[in-house]
**Student:** 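Submitted below is the structure of interest, expressed as structure tokens.
Because the structure is predicted, anything quoted here is derived from the model rather than measured.
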Amino acid sequence: MKKVLLVEDNKNIIKVISMLLRSKGFDLKIEQDGVSGVETALEWEPDIILLDIKLPKMNGFLVCETLRDNEKTANTKIIIVSAKAEEEDIKRGFELGADEYLTKPINPNELLEVINRHLKSA
Amino acid sequence: MKKRLSLKHKILFGYAAITLILIVLAGWAIYNFMSLDESIHDIMVENYRSVIASEGMMEALERQDSAELIFIFGQQEEALDIFQKNQIEFMKHLSRAEDNITIEEENQIISNLNEDYQTYLDKFINLRELANNDNVEKMQNYYLTEIMPHFQKIKDETRNLLTVNQEHMRQAQSKANRRATQAIYSSIIFSVIAIILAITLGIYVSNKIIKPINSLTDTIKEIAGGNLEKKINITTRDEIGELAKEFNSMTERLKEYEQLNISKLIEEKNKSEGIVKSISNPLIVTDDENRILLINPEAEKLFNLKEKDVSGTHFLEIIKEEKIFDLITKTLETGQEKKGQKNEVIEFTYNNTEHYYRITTNPLKDKTGEINLVVTILEDITHLKEVDKMKSEFVSMVSHEFRTPLTSMNMSINMLLEGDAGEINKDQRELLEVAKDDTEHLNDLVDDLLDLSKLESGKINLEFENIKVKDIFDNSAKPFKQKAEDKGINLIQKDVDDLKVYADLNKITWVITNLIGNALRYTEKGDKIVLDANKKGHKVHISITDTGEGIPKEYQHKIFEKFVRAGTDQDESSGTGLGLPIAKEVVEAHGGRIWVKSQEGEGSTFTFTLKLPK
């Protein structure tokens with residue numbers, strides 16, 4: 001069973017995404033701030049991380065940078081899912097090591113397609 | 001007042017002087033002629049008569065002597081007759097000589113002659129008495145001893161008279177000669193003096209007249225050259241003096257007038273300077289060679305300058321702002337007011353805060369219509385910029401805040417429709433479809449709002465390149481091919497050959513996409529949508545024409561404003577109402593413009609301009 005870590009602070013998004021992924025048979029853990037996100041990622045070593053940018057305690061860019069600096073998560077697939085859709089944000093996300101940058105709003109099929117594509121290439 | 005000597009009098013005076021000299025000369029000549037005449041008269045009248053008389057006396061005397069000889073030799077009657085005749089003759093001449101005594105010596109000679117002739121006559125009487133005695137011998141003797149010597153004496157005296165007179169004549173002649181020579185020389189000297197005097201006088205008089213005229217002319221020239229301080233220094237009391245006086249008073253009035261004008265000008269200058277100084281935006285005035293003439297206190301503050309230090313210096317030497325300088329030179333060249341492009345804002349930091357300025361350059365023309373000054377105003381739009389920034393930040397924030405709830409809504413609806421949360425019935429599905437449509441619409445709106453906000457704040461970076469219009473058309477039309485076919489609408493791309501434009505491919509594709517999207521929305525089966533492009537001057541005109549329902553006139557000028565829809569558009573969910581404002585922003589960011597021509601019921605043509613390749 002593939003492990004997916006969702007780092008997101010919006011309860012409704014958490015609810016929707018967890019319902020979607022669990023129904024599709026993913027092993028899902030959820031963290032609601034950046035620091036916990038990093039801790040869980042290092043501890044649990046998920047296959048894929050869905051990462052928001054606007055997060056309490058530590059923003060998504062920093063989380064991404066920190067995880068890439070650690071051997072354990074250096075190759076973990078990171079998909080940023082953010083409302084920040086500016087070109088510079090997208091550019092920065094890829095520079096910091098993200099594998100994909102999805103801008104909100106997203107639809108369920110799109111999300112599933114992206115997750116499956118990255119899991120296959122892993 | 002001293003009686004003035006007029007120019008006319010001066011000329012008359014000159015002529016009078018010359019005439020006087022001529023009169024003196026003529027007088028002198030007349031005097032000389034008279035002297036000569038006198039001398040001639042001396043010769044002719046005084047002496048010549050005496051000479052004639054002397055000669056007559058001589059002749060008569062000779063005859064009388066002959067008569068006496070005849071008498072002695074017997075023909076007494078005849079001789080007596082001759083003698084008496086010649087006695088009368090002699091007396092006649094003697095009395096003539098007596099009447100014409102002109103020389104001192106003559107007096108004595110004549111008196112002697114009178115006396116001696118009387119004796120001679122007496123001696124002839126004596127001879128006649130001897131004849132009465134018939135004593136020829138005695139007669140002869142008497143003649144030889146008495147008469148003959150006496151005759152000789154009278155003859156000598158007569159000759160003496162002749163000689164004296166001849167001598168006198170000779171003297172008179174030489175006197176006349178002397179006089180004539182004198183007259184020649186004196187006439188020459190007099191004439192020379194007269195000529196010199198006349199010339200001197202002529203020069204003097206003409207100088208007296210010409211000099212003031214020359215001085216007047218020179219001074220007038222100088223005054224005409226602008227030197228109103230100059231005065232004509234002529235104090236003569238003639239017409240020229242009068243003219244000079246009048247001219248001086250005219251110059252004086254002219255000077256007063258000029259001073260009046262100068263003070264008016266100064267007043268005007270102070271007024272305009274006051275106005276310039278009171279303008280709260282920085283202002284710079286430059287001349288036709290881009291030298292700074294004037295800067296107001298605001299500009300001094302902004303550029304940290306002092307007007308007196310920079311006046312007359314080239315703009316770029318002082319203010320190193322190419323953008324401003326470009327506008328100034330464009331205004332000089334075209335004579336038109338130039339405004340910085342909407343997004344062309346100049347940023348300065350002073351007093352540790354950022355300031356934004358929009359530039360406007362205005363030409364000032366002189367009376368011949370030539371542009372000689374450019375007024376550059378830097379409009380402080382810092383506050384506008386701040387408002388703009390706040391607006392952009394607000395829009396951006398709101399949009400972001402919308403995206404997260406939209407995501408959960410969108411996903412929830414989609415999952416429900418997919419049946420992830422269990423089976424749904426037909427009515428539920430329909431309601432969910434409605435919710436899905438509006439979530440998508442809301443999502444588009446958020447995207448457009450963000451785009452527009454970015455365009456308006458100039459945050460969008462255009463990637464200019466030389467691109468083929470055909471490529472833009474291909475890219476733009478592709479997504480609509482299927483939809484147009486489905487709707488039965490003919491989407492036509494005109495042949496544009498190799499026409500190229502200088503533009504950002506993605507942004508311009510977006511504009512055309514938007515316009516095609518709009519056209520599709522307002523067309524029906526059988527309609528046409530035509531994409532065309534033409535080169536016009538330095539621009540390329542790109543047009544999207546449809547044969548749809550057209551735009552009512554009252555909406556045509558408003559459709560590029562935000563959230564404006566043509567009145568016939570009932571389907572509010574089909575567009576965001578931001579497509580055309582965004583298209584306008586994109587075109588303007590390319591330095592072009594966009595407009596629409598439409599006839600209700602016949603269709604619309606949207607046209608925008610792009611630059612030719614560089």
**Student:** Please state whether the side chain, the backbone, both or neither of A/Asn107 comes within less than 4.5 Å of a heavy atom of chain B.
**Tutor:** both

**Student:** With chain A as the partner, which of B/Thr439, B/Ile413, B/Asn443, B/Asp447 has the greatest number of non-hydrogen pairs under 4.5 Å?
**Tutor:** B/Asn443

**Student:** Hey, could you give me the CD1/CE distance between A/Ile13 and B/Met409, rounded to the nearest 0.5 Å?
**Tutor:** 11.0 Å

**Student:** In terms of heavy-atom contacts, does CG of A/Asn75 have more than 12 from other residues, nucleotides or ligands at under 6.0 Å?
**Tutor:** no

**Student:** Over all heavy atoms of both residues, which pair between B/Thr407 and A/Pro105 is shortest? Give the atoms and the distance, please.
**Tutor:** OG1-CA, 3.1 Å

**Student:** Test side-chain contact (heavy atoms from CB on, under 4.5 Å) on A/Asn109 and B/Asn414; report intermediate values, then the result.
**Tutor:** CA-CA 9 Å; A/Asn109 292 338; B/Asn414 269 303; 5.8 Å; no

**Student:** Is it the case that more than 12 heavy atoms not belonging to A/Lys54 sit under 6.0 Å from its NZ atom?
**Tutor:** no

**Student:** Is it the case that over 12 heavy atoms from other parts of the model lie below 6.0 angstrom from the CZ atom of B/Phe394?
**Tutor:** no

**Student:** Above 12 or not: heavy atoms from other molecules or residues under 6.0 Å from OH of B/Tyr356?
**Tutor:** yes

**Student:** What verdict does the side-chain contact (heavy atoms from CB on, under 4.5 Å) test give for B/Met411 and A/Lys15, after you've listed the backbone C-alpha separation in whole Å, the side-chain angles of each residue and the deciding distance to 0.1 Å?
**Tutor:** CA-CA 10 Å; B/Met411 286 186 82; A/Lys15 216 178 261 174; over 6 Å; no

**Student:** Which atoms of A/Ile14 come close to chain B, meaning under 4.5 Å heavy atom to heavy atom: side chain ones, backbone ones, both, or neither?
**Tutor:** neither

**Student:** Treating B/Asn410 as the side-chain partner and A/Ile106 as the backbone partner, does any N or O pair qualify as donor plus acceptor under 3.5 Å?
**Tutor:** yes

**Student:** Tell me whether the count of non-hydrogen atoms from other residues, nucleotides or ligands lying under 6.0 Å of NZ in A/Lys3 goes above 12.
**Tutor:** yes

**Student:** Quick one: OG on A/Ser82 to CZ on B/Arg403, what's the gap to the nearest 0.5 Å?
**Tutor:** 9.0 Å

**Student:** How about CE on A/Met58, more than 12 heavy atoms from neighbouring residues, nucleotides or ligands closer than 6.0 Å, or not?
**Tutor:** yes

**Student:** Quick check for you: to the nearest 0.5 Å, what is the distance between A/Asn12 atom CG and B/Ser412 atom OG?
**Tutor:** 7.5 Å

**Student:** Hey, could you give me the CG/OG1 distance between A/Asn10 and B/Thr404, rounded to the nearest 0.5 Å?
**Tutor:** 6.0 Å

**Student:** Within the supplied structure, the quantity of interest is the number of heavy atoms (other residues, nucleotides, ligands) at a distance under 6.0 Å from B/Lys507 NZ; does it exceed 12?
**Tutor:** yes

